[in-house]
Amino acid sequence: MVQFANVVVYSYQYLLDPKVAGYISKEMQKESVVVFDEAHNIDNVCIEALSVSVRRQTLEGARRNLNKMRQEIEKFKATDAGRLRAEYNRLVEGLAQRGNLPFTDNWLSNPALPDDILKEAVPGNIRRAEHFLHVLRRLVQYLEGRLETDNVEKEGPVGFVASINTHAGIDQKTLKFCYDRLHSLMLTLEITDTDEFLHIQTICDFATLVGTYTRGFSIIIEPFDERMPHIPDPVLQLSCHDASLAIKPVFDRFQSVVITSGTLSPIDLYPRLLNFHPVVSRSFTMSLTRDCICPMVLTRGSDQLPVSTKFDMRSDLGVVRNYGRLLLEMASVVPDGIVCFFVSYSYMDGIVNSWNENGILKEIMQHKLVFIETQDVVETTLALDNYRKACDCGRGAIFFSVARGKVAEGIDFDRHYGRLVIMFGVPFQYTLSKILLARLEYLRDTFQIKEGDFLTFDALRQAAQCVGRVIRSKADYGMMIFADKRYSRHDKRSKLPGWILSHLRDAHLNLSTDMALHIAREFLRKMAQPYDRAGGSGRKTLLSQEDVEKMGDGILNEMQY
Amino acid sequence: MASGHVIKRAKYKTSPKGAGTPGVLKMTENKIMFKPNDPTSASKIDVEFRSIKGYKNTKEGSNNPPLLNLSLEQGGSYIFEFENFLDLQVCREFVGNALTKSGDAAKAKSGDTAKAKSGEAVATSDRSTVTYPDEQLISSAEMELRIKLLRENSELQNLHKKFVLGNILTESEFWATRKKLLDGDSGTKSKQRVGFKSSMILDIKPMTDGRTNKVTFNLTPEIKYQIFALKPAVHRAFLNHVPNKMTEKDFWTKYFRAEYLHSTKNAVAAAAEAAEDEELAIFLKDDDILANAARQKIRRVDPTLDMEADQGDDYMHLPDHGIFRDGSKEITDSQHEQFKRTFLQDLNRQGEVVLEGRTIDVELEDPRTVAEALAQSRQESDENAKQERLDRISRMTEMEDLQAPHDHPLAPLCIKDPRDYFDSQLLKISDDTRAGSEQLRCSLSSEEAYGSLRGSISEIKAMGLSDPVVRPEVAVMVLNGLTQNISSTKFQLGKNAQESILNSLPNTTKEELLHHWISIQELLRHFWSSYPITTSYLYAKVSRVKDAMSKIYPQLEEIKESVPSDLRQQVFLLVRPMHQALDAAFQHYEADLQKRSAKSGEKPNGYV
């Protein structure tokens, strides 16, 4: 199908994840233009694509899978021994002809794996199915042993491979071929229910990644989550720190790659994170016909005390109350929908509960209904649906959501579904996370990106992503409130995308609740007027081809000089 | 009973046992007449319904003949025997209606009974000459409504008094133009269903007395209903267990025990309790009905919102892929999950129920009936949900700024600066009244202004140009004076919207004028709506209305004469449009009359 289509739309994983890309994207031509849209999180997607976490359940499942496969092999031996022999012969000839997958430019088929893996033959000690199963069994056993630890351990891939070699007797080359060998075996055994064998696949992924890359990864073993030390939940994580590893094959393989999003900011950081040289890098302004967005930075509550979700302030009752009053006052002024973003689920849970206890929530609910994003996708979807109904019927509603959550990424709150979005706090990542620390270290050492810079960049792109939900078209309008005193600092603020910064007036940088309320009233009154489509001041909403060409000339001139 | 009267054969009796006089009973809206077959007989009756106090009749199926007994106010009674029960039935109904009507009329007319009585007399005599084809008997409910309207609206009452009781318009004619009033009023009768409050039962808080460990919850029927609506599992449990397994009181005690456990946020304790008591467990566990309903509803949500459908696109949801614990993901305590219904979920559920609104319409007193009614309403499936979903999809995919502008037949209301709007409206109004107002409102006459200008010019001539050339205050005065014509309306009217010419008139004149204006409007409406004249009835109506109008005409003249001379101009302006309207009507009437007589050669006065 793919080769007949002119335009193919699919999710990033089909291109970035080496496991999937091999099947789906191998037929793409070199001349294809790849566009990563909404690519503000592309580095995280790349990293996730090459990261594996192994837990107790994974290992148990893998053992079950191995037993099942052994039975299958026994069965085949008894009935159809020829098949296994044929596979063995194929593997001797080389990986290129494996299975029944016919393909031509085979180094393109597996973008994330280095070329040599496809040119080498499968090592002799795992060509036989039984031998391969033995190797896997030893690997699983070794990993089980590593999970039984009381301390957090951190290791590089080289050291880890060496340790496997000494303790389990599996060398680096064998590890590297695990994934392909497993795949071949599953084809031979005619296993169609791949979901059932997910666990052993995970183990093989892990082995292949560990065996392939010597840098840009670390293996971190944690006996429990730091935030809940009383619950033992050991996990072994192979985490990728280098986003450029996953995207490199895409850059190598395709002639033109476009990375675009409304919130790529600061734009110069992305080439460094993804390790490429942009041919053209441009940031476009929005061609608005009127000032239809109104960003504000709210630093103080109604009692003039600073508000923030900084760690030492977030549980302060005064801050909680000030945030509550802000929402309450806004709910009484803003028509239809309001969206609130919090920095995390736990913070949202806490603040909503304390609003409930001190009665603010009840007051808020006198103005609008309240709907909340939870970690349950079904529940959240229904809540969103009801939120829209409430906005449609004129009752008005407030949606509580979480930065970095699914809603922040994928749901639009345009038109009356969102006239105001409030970002409570700065959505920093959980900085004590071992994985984040390891990544920061790697970024500093490899790309010379300072920890603080990266964290701020990451938090601000999330914040921008959240507030950007509110506007979708030129006819739309909405307000954005950044409710944290830290947004008023230049180093934070300047990382917001240009289209927000250009509307952020100096007078709106240091507001208190009552001032913000006044601005909101004025703005809403102005914006609620009938929308002039023709554009009185020569700025048309709907551009004709002529207009676009004229604009294009302007940009070309600009670029030349 | 389309016509306003009933004619039946009947026997008139003075006592139930007597033989009676055979004759014809005729009942109109206000009168009862009995004509004996034998013209010489003395038992001729002609009474008005007003003098009748009540009526009795014999029941069908009893041994008695069909008798109708009308008791008089002054004592005594008329008894009529009908030929069959059908006739009795018809007459009884008619009498009933007529009695309520005359009773109501008496009420409405309290205050000026004398006038009403004379009016009534004229009305009856009038009715004998002209038949009213559209006169219909109206239900007593509608009658009550009319009376209520009259009582509430004094203006309407005045009009009614003047025209209906003044016998210019009939009752039905009067109300025919006000059908909307009647309809609209009956529309409001079906009471609007009150929805749920946004913060429903969030606020049931237990009350503790401080000394003991006892906790008290206050329950009202309303709260019970809300609990049923919010928690289908509780609802189902109630239907299953009450009153067979436990009493209602036990049920609620148990429910609140569960709620209390839940509010302590002690999931372990809740689990322990639930293990011991299976009924209690119902309240503590997640609601399976809700979960099932969620599955169903998720299929109907807007696809742009459906995050569950997107889940497969993102393969990170698979176990063990991606980074498990990087701090951006959240962790939950998976133990005792089913007993840990979160407050956030409650909030979402509540919002949903509030949006659904009240689905049942029964008395809330008995929780059992409430529960059953609710169960019934839940079963009603929503068929148009699918269509609604399609509509919403098309609405969502439409990009507002990429659409061609809609052509609205109306100009959008654009209030960038409210004053702009009101000023423009005032200008329109003032166009009509300018001629009258400008003269009066000049505080500075043209002569004065001119004189001042001349003065200053001569001053300049004598003294040469000083600095400033013209004294600013003089300049302002001159400018004001000369532009008075242009600016006066803006200055005077624009400043004060309440101020109008009417207010400057003496109160009595003003009221009179207003009253006449309303009367003329009413009459004109009837007048013009009668054309073209197709029936004799309409003809009679038109001539009545025309007579009434011609009576008002000189009255207006009188008002014009009576006002003091300084106000005459304004009054003249106000009266003129009324006169014009009346003149137009008269002209039309004359023209029509001539055309008519020319055509038929028949004298219209003899038209009966």
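Treat the numbers as computed from the prediction; the structure is a model and nothing was measured. Just so it is clear, the values below take in all heavy atoms, side chains as well, and ignore hydrogens, waters and symmetry mates.
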Which of [options] touches chain B most, by non-hydrogen pairs under 4.5 Å:
options: A:L384, A:L382, A:T374, A:I364; value: A:L382
options: A:I220, A:V352, A:L437, A:D376; value: A:V352
options: A:R439, A:Q462, A:E379, A:M348; value: A:E379

Subject >> Any donor-acceptor N/O pair, A:N386 side chain to B:E352 backbone, under 3.5 Å >> reply: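 No; zero donor-acceptor contacts below 3.5 Å.
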Quick one, [X] and [Y] - any side-chain contact, counting heavy atoms below 4.5 Å?
X: B:Q350; Y: A:V370; value: no
X: B:L355; Y: A:L369; value: yes
X: A:E373; Y: B:L344; value: no
X: B:L347; Y: A:L361; value: yes

Subject >> Distance, nearest 0.5 Å, that separates CG of B:N348 from OH of A:Y387 >> reply: 13.0 Å
Subject >> chain B contact via A:I411 - which portion, at a heavy-atom distance below 4.5 Å >> reply: side chain
